[in-house]
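Below: the structure, in structure tokens.
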Amino acid sequence: MPLLEVNNLKTYFHTRNGIVRAVDGVSFSVEKGKTIGIVGESGSGKSVSCYSLLGLLPMPPGRIESGEAIFDKYTDLLSCGEKVLRTVRGKRIGMIFQDPMTSLNPYMRIADQIIEPLRLHMGMDKGSALKKAIHALDEVGIPEPDNRITMYPHEFSGGMRQRVMIAMALITNPEILIADEPTTALDVTIQKQILDLIKKRQKELGTAVIFITHDLAVISEICEDVNIMYAGRIIERASATELFANPRHAYTRSLLKSIPANQTKGEKLYTIPGLPPDTSQIISGCAFRERNQIGDQSKCLTDSRPEFKEIEPNHWAQDCPGCLS
């Protein structure tokens, strides 16, 4: 039984220039102790999908048009109301935000921000919470945590602020951790330390992880299952092993081809041409048609959106003749 099951999530932004279909029918699930990856270019709907689950979108202009997100068998995160959501958000479901500078309060010391969830959700006294916060900073690789915890966010580097956000998300031992580009601002050694810490938490506590990233190398290392998103929809889903060995959709193959390590030495780096489609316009056929260089663009659907099908056992993809290999 999945710990979280999302079905047909649609999140639209109603703007003066029209309706932006940021997330347009997304479904996925994650089980206890497992890690799923959500991958795609900027603007594909990855972050909006997860912000929708926790009620973190500005409404208006955002609006949940349809769908359900069943957490722990009974709670629908999309319809449970703010009072119930507050008991889940930050305690049972933790989130690492993409931009630590705008997520941390510049007027509050790190200590006050990191102990807040402990005092709010776990009822700890200030002294005990502070000791646990110092240990949390030490776990994510911040030197001299007992001194630095009294500083303000602007006194930290970008990478250190990111580590503070990771410590805050993990400090309540959440059942689900949503990690939105958690290692982007970190160097390789700290990145490995953070990934090892997340794996350790999974092993000890059975934490489920939803990992949002552009970094396919990280996905291959940490995720059991991978969802590839494009233009607000999931266009391919498979286990990480299967996806990297046998990518079927042209967009997935294009992403893998654009990895520098996969390039032939001396040749020009491959890039996917053009830009993702404007989701404020109704997309009548294959959303990847205009950028499809790896598949057969002439065979891409033009009248209807491709259906998401199981093309092989446990391997799903949008069924577009021009995109499938």
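What you are looking at is a predicted structure, and each value in this text was computed from that prediction instead of being measured.
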_Residue pairs involving residues 191-202 (criterion salt bridge (Lys or Arg N to Asp or Glu O under 4.0 Å); sequence neighbours excluded)_ = Glu139-Arg201, Lys192-Asp196, Lys199-Glu221

*May I ask you to check whether over 12 heavy atoms, not counting those of Lys299, lie within 6.0 Å of atom NZ?*
no

*Return yes if a side-chain donor-acceptor contact under 3.5 Å exists between Asp125 and Ser128, otherwise no.*
yes

*Mark yes or no for whether Glu236, through its side chain, and Ala317, through its backbone, hold a donor-acceptor pair below 3.5 Å.*
no

_Gap separating the CD1 atom of Ile96 from the CG atom of Leu170, nearest 0.5 angstrom_ = 5.5 Å

*Give a yes or no on whether a salt bridge exists between Glu155 and Arg109, defined as a side-chain N under 4.0 angstrom from a carboxylate O.*
no

Result block: side-chain N/O donor-acceptor pairs under 3.5 angstrom for residues 145-153, not counting sequence neighbours:
residue, atom, partner, partner atom, Å
Arg148, NE, Pro143, O, 2.9
Thr150, OG1, Asn147, O, 2.8

*Any side-chain donor paired with an acceptor under 3.5 Å for Ser280 and Asp278?*
yes

*Looking at CG of Leu256 and OH of Tyr251, how far apart are the two atoms once the value is rounded to the nearest 0.5 Å?*
10.5 Å

*Check whether the side chains of Asp24 and Tyr12 place a donor and an acceptor atom closer than 3.5 Å, and report yes or no.*
yes

*Qualifying salt bridge (Lys or Arg N to Asp or Glu O under 4.0 Å) pairs, either residue in residues 33-52, two or more places apart*: Glu41-Arg291

*Can you tell me how far the CG atom of Leu57 sits from the OG atom of Ser47, to the nearest 0.5 Å?*
10.0 Å

_Interatomic spacing from CZ in Arg237 to OG in Ser27 - rounded to 0.5 Å_ = 7.0 Å

*Please confirm whether the backbone N or O of Phe156 pairs with a side-chain atom of Arg161, one donor and one acceptor, at under 3.5 Å?*
yes

*Taking the side chain as every heavy atom from C-beta outward, state whether Leu255 and Ile272 have any atom pair closer than 4.5 Å.*
yes

*Group every Ile, Leu, Val, Met, Phe, Trp and Tyr by side-chain heavy-atom contacts under 4.5 Å, then state whether Leu78 and Met59 land in the same group.*
yes

*Counting only heavy atoms not in Ile282, do more than 12 sit closer than 6.0 Å to its CD1 atom?*
no

